[in-house]
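Take a look at the structure below.
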Amino acid sequence: MISFPYAEEQRAMTNAAIAESGFSVGEVWLRYFSLSGDVDEYEVEAYLAGLMPMPALECDVLALAVNELIDDLPPRRRAPFSDELLQAHAASDGAG
Amino acid sequence: MDPYPPSSELGTTLGRIRGLALTQETAQHAVDLLARITQETTPNAFGAGVSLIHQAQRVSVGATDDLVRLADDLQYRLGEGPCLTAWSARGPVMVDDTSTDQRFPRWSAAAADAGVLSCFSVPLLRGRDSIGAMKIYSTMPATFGDADRARLAGIAVAAAALLGHVQTSETSTRISSELRESLRSRDLVGIAKGILMEREGLSEAEALTALTVRARTRGVPFRRLTADLVSDHDASERTEPS
């Protein structure tokens with residue numbers, strides 16, 4: 001079933017991405033299912049744990065699901081520049 | 001390839017919805033049993049009850065008899081009483097004599113009229129959350145001693161651990177709407193695949209591959225890509241003479 005030589009690398013990195021972003025397998029599976037994924041939740045969990053392979057296309061749909069979940073996360077807070085704060089305060093003081 | 005692949009996944013999905021719907025019934029059964037066990041192990045108690053409370057509303061109530069149910073209903077109707085206080089203050093509440101106790105004047109008066117003279121209630125605590133309360137009632141004043149209180153407190157710890165996993169109706173509604181949403185999304189992917197198969201002569205797997213490549217190169221969410229493809233197809237079907 002596996003002709004793709006880097007299937008194990010894809011699995012490990014997908015699993016690491018899920019772990020790092022803090023999603024549960026249930027959340028990932030629901031998104032994967034909604035993107036037309038065909039493999040059961042139980043088997044997806046087994047795939048992620050490295051216990052069984054999945055067809056290459058399913059692995060890509062799962063990767064897509066994980067990436068979309070990550071894209072939906074709120075972005076990290078950024079540090080403001082001094083002129084941005086000056087502008088923001090000028091605008092709110094002027095309005096108030 | 002299986003010609004009808006979605007069916008087993010649909011089964012899993014529906015199984016989840018059904019499982020969640022059942023948890024309400026399971027909870028009802030569990031609170032009824034707990035009320036009975038509490039009464040049987042507390043000879044001084046005339047009756048016993050268990051309430052699961054979510055945002056000051058009862059979601060399930062178990063009671064050994066109508067008098068317990070009445071005394072319980074009165075608390076929620078009047079918005080005061082030993083169980084509500086046990087639940088919100090997260091500590092035990094003892095009412096030795098409803099005909100003289102002044103902490104819950106309206107409830108005590110109504111309970112005394114109905115024949116409930118003493119009551120002991122403990123919260124059901126799960127971690128930092130208070131998920132409900134258990135109580136024992138008696139038609140005699142000052143019935144419950146230290147042994148009764150310690151026993152009820154012990155039962156409540158076990159009961160809270162058992163009932164803590166029960167989903168509130170709010171969560172099951174939220175999850176089932178998520179599932180509906182995901183079924184709709186999955187449906188759109190199916191239609192989009194069909195459009196590409198017909199238009200570009202692709203196999204089902206090739207159509208799905210083409211869609212994922214498009215989503216990645218254009219940086220659009222898959223859901224929007226498929227929804228756009230379907231609505232564009234709808235629009236062109238309407239304008240083209242057939």
message: Once salt bridge (Lys or Arg N to Asp or Glu O under 4.0 Å) is applied, do any residues pair with D232(B), and if so which ones, sequence neighbours excluded?
response: none
query: Taking everything shown except M52(A) itself, do over 12 heavy atoms lie less than 6.0 Å from its CE?
result: yes
Residues of residues 63-75 of chain A contacting chain B, heavy-atom criterion under 4.5 Å, by residue number: L64(A), E68(A)
message: Test: salt bridge (Lys or Arg N to Asp or Glu O under 4.0 Å). Region: residues 4-20 of chain A. Which pairs qualify, not counting sequence neighbours?
response: E8(A)-R11(A)
- request: Consider only side-chain N and O atoms of E41(A) and Y32(A), and report whether a donor and an acceptor are under 3.5 Å apart.
  value: no
message: With side chain to side chain donor-acceptor pair (under 3.5 Å) as the rule and sequence neighbours excluded, what pairs involving residues 207-218 of chain B come up?
response: E200(B)-R214(B)
query: Of all heavy-atom pairs between L124(B) and A159(B), which one has the smallest distance, and what is that distance?
result: CD2-CB, 3.9 Å
